[in-house]
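The structure under discussion appears below in the form of structure tokens.
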Amino acid sequence: MASDDARYPPIEPYESGMVDVGDGHSLYWEVSGNPGGKPVVVLHGGPGTGSFPGMRSLFDPERYRVVLFDQRNSGRSIPSAADPVVDLSANTTQHLVEDIEALRCHLGITRWLVWGRSWGVTLALAYAQAHPEQVTELVLAAITKGDRRDTDWITRDMGRVFPREWERFRDGVPVSERDGDLSAAYGRLLHDPDPEIRAEAAHRWCEWEDTHISLAPDATPFLSIADPEFQLTFARLVTHYWSNGCFLDEGQLLRDIERLHGIPAVLIHGRYDASSPLGIAWSLHRAWPGSELVVLDDTGHNGGSMTTAIIAATDRFAQSQVLDNAPAFPSEADASPPLAQRTSS
């Protein structure tokens with residue numbers, strides 16, 4: 001049973017390593033929990049935050065085989081985006097999707113639950129739509145779907161919510177670029193030969209990120225007080241993805257949602273999420289029969305009861321064991337009752 005703060009007790013990996021995924025990239029991975037348990041792959045946010053030990057504690061260690069890894073150029077994966085000479089051209093959503101498949105095969109896993117949060121939700125949806133036969137369920141928190149409309153909301157439209165902080169963010173780029181794509185403008189600064197310019201741009205980007213995820217009552221700064229190397233890694237990867245439309249067609253993940261029909265999913269979202277407004281989660285839920293939307297009235301992009309809601313979902317799915325020879329989708333005759341659709345909006 002989970003501890004009083006909802007999370008399970010901290011655990012350490014029983015296995016870890018690096019996997020070569022081509023293009024000069026090697027990814028750090030680790031496995032914890034029960035070697036015979038239900039496999040789950042954990043997709044971190046950002047893009048670029050890397051995985052964290054606390055993610056292991058979202059899953060019952062007696063019932064889950066928990067796979068964490070650091071996406072290309074982040075965390076302990078190499079090469080690191082913190083190195084200004086590292087080329088990011090081989091880091092796209094499509095590359096990450098196939099990296100997940102490469103890791104699944106490397107670990108000898110047939111099918112797994114896919115967990116994602118924030119950017120990890122966009123990646124989880126892209127992966128599940130490309131490889132639905134490998135996905136048993138999805139648990140997704142702080143819903144995103146990578147559309148330019150949504151990233152434009154964060155980089156420009158939210159200036160109406162946080163005008164003082166947004167002006168500082170906007171003024172971090174040259175005057176000639178302030179009316180254009182701010183992600184691309186920051187991306188150019190983050191590749192500047194001058195390390196001071198790179199560091200200042202990374203810090204300002206992280207300040208703005210902390211601002212737009214700050215509406216929850218218990219929100220505290222995270223990115224803006226992080227290690228400068230982490231800030232540079234994170235900012236370079238986020239701007240790379242956002243300035244390229246997350247390497248997705250506009251509306252692609254909603255357009256192709258029928259590929260996920262038959263896969264149980266829980267979508268968890270905070271009502272006070274200004275960074276990713278509730279309408280994003282709502283539109284996904286409405287288009288996805290069988291999905292369950294849980295709206296939390298005490299949080300924004302994170303915090304509050306989100307961890308409790310995540311663990312409630314992972315505990316529920318832990319009861320469904322995965323058999324190596326199980327069909328990708330249950331037949332109508334032997335399918336268990338679908339998850340009840342539930343919203344609290």
Side-chain angles (χ1 to χ4, degrees), residues 7 10-11 13 16-19 21 25-33 39-59 64-82 88 91-93 95-104 107 112-128 135 138-146 205-206 209-210 213 222-223 226-227 229-242 246-247 267-269 273 275-276 301-303 306-307 310-311 313-314:
R7 292 179 184 269
I11 54 174
S16 64
M18 304 291 289
V19 60
V21 291
H25 289 266
S26 292
L27 308 184
Y28 170 82
W29 60 268
E30 64 176 48
V31 187
S32 57
V40 53
V41 63
V42 178
L43 306 182
H44 65 69
T49 64
S51 59
F52 292 93
M55 292 174 169
R56 305 170 196 148
S57 299
L58 298 172
F59 308 92
Y64 275 104
R65 180 185 178 191
V66 184
V67 179
L68 270 62
F69 76 101
D70 295 335
Q71 295 159 28
R72 291 192 180 205
N73 300 123
S74 69
R76 289 152 287 188
S77 293
I78 54 176
S80 170
L88 301 180
N91 189 334
T92 70
T93 301
H95 285 100
L96 299 189
V97 164
E98 294 314 309
D99 288 350
I100 298 169
E101 265 299 273
L103 181 59
R104 183 187 64 79
L107 296 175
W112 49 11
L113 183 151
V114 178
W115 182 97
R117 184 170 187 162
S118 193
W119 155 253
V121 173
T122 295
L123 180 56
L125 293 170
Y127 170 75
V135 179
L138 294 106
V139 176
L140 308 175
I143 308 303
T144 65
K145 50 186 177 64
W205 183 273
C206 289
E209 291 267 7
D210 272 346
I213 62 174
F222 162 57
L223 296 165
D227 173 279
E229 183 173 322
F230 175 91
Q231 290 184 356
L232 186 56
T233 299
F234 173 79
R236 285 194 75 200
L237 287 169
V238 175
T239 55
H240 172 64
Y241 271 79
W242 288 8
C246 292
F247 302 96
L267 316 178
I268 301 166
H269 204 84
D273 192 340
S275 175
S276 183
H301 202 63
N302 49 40
M306 187 166 287
T307 296
I310 289 170
I311 291 178
T314 60

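Heavy atoms only: backbone and side chains are in, while hydrogens, waters and symmetry mates are out.
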For residues [X] and [Y], determine if any side-chain heavy atom of one lies less than 4.5 Å from a side-chain heavy atom of the other.
| X | Y | answer |
| --- | --- | --- |
| Leu96 | Asn91 | yes |
| Phe234 | Cys206 | yes |
| Val67 | Leu107 | yes |
| Phe69 | Val41 | yes |
| Ile11 | Ser32 | yes |
| Leu223 | Gln231 | no |
| Thr233 | Ser80 | yes |
| Val66 | Met55 | no |

Considering non-hydrogen atoms only, spot the tightest contact between [X] and [Y] and give its length.
| X | Y | result |
| --- | --- | --- |
| Ala82 | Leu232 | O-CD2, 3.2 Å |
| Pro79 | Asn73 | O-ND2, 2.8 Å |
| Arg72 | His25 | NH1-CD2, 3.4 Å |
| Glu209 | Ile213 | O-CG1, 3.2 Å |
| Leu27 | Asp70 | CD2-O, 3.8 Å |
| Ser57 | Pro10 | OG-CA, 3.7 Å |

Item to complete: Determine, stepwise, if the pair Tyr127 / Arg104 fulfils side-chain contact (heavy atoms from CB on, under 4.5 Å).
Response: CA-CA 12 Å; Tyr127 170 75; Arg104 183 187 64 79; 3.9 Å; yes
Could you measure the distance from the [atom1] atom of [X] to the [atom2] atom of [Y]? Nearest 0.5 Å is fine.
| X | Y | atom1 | atom2 | answer |
| --- | --- | --- | --- | --- |
| Asp210 | Trp205 | CG | CH2 | 13.0 Å |
| Arg76 | Ser26 | CZ | OG | 14.5 Å |
| Ser74 | Phe230 | OG | CZ | 9.0 Å |
| Thr93 | Glu98 | OG1 | CD | 12.0 Å |
| Thr314 | Leu113 | OG1 | CG | 8.0 Å |
| Ser77 | Trp29 | OG | CH2 | 12.5 Å |

Discussion item. Counting only heavy atoms from other residues, nucleotides and ligands, does the tally under 6.0 Å from CD of Glu229 exceed 12?
Written reply: no
So, [X] versus [Y]: side-chain donor-acceptor pair below 3.5 Å or not?
| X | Y | answer |
| --- | --- | --- |
| Thr122 | Thr144 | yes |
| Ser276 | His301 | no |
| Gln71 | Trp119 | yes |

Worksheet item: Are Phe247 and Tyr241 an aromatic pair by the rule of ring centers under 6.0 Å?
Response: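 Yes; Tyr241 has its ring centre under 6.0 Å from that of Phe247.
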Discussion item. Apply side-chain contact (heavy atoms from CB on, under 4.5 Å) to residues Lys145 and Val121 and explain how you reach the verdict.
Written reply: CA-CA 7 Å; Lys145 50 186 177 64; Val121 173; over 6 Å; no
Practice prompt. Carefully, step by step, assess Ile268 and Leu140 under the rule side-chain contact (heavy atoms from CB on, under 4.5 Å).
Written response: CA-CA 6 Å; Ile268 301 166; Leu140 308 175; over 6 Å; no
Item to complete: Look at the side chain of Glu30 and the backbone N and O of Gly17, then say whether any donor-acceptor pair between them is shorter than 3.5 Å.
Response: no
Worksheet item: Where the side chain of Arg117 meets the backbone of Ala141, is there a donor-acceptor pair that is under 3.5 Å apart?
Response: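 It does not hold such a pair.
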Worksheet item: Would Val42 and Trp115 count as a side-chain contact (heavy atoms from CB on, under 4.5 Å) if you check the C-alpha gap in whole Å, the side-chain angles of each, and the deciding distance to 0.1 Å?
Response: CA-CA 5 Å; Val42 178; Trp115 182 97; 3.4 Å; yes
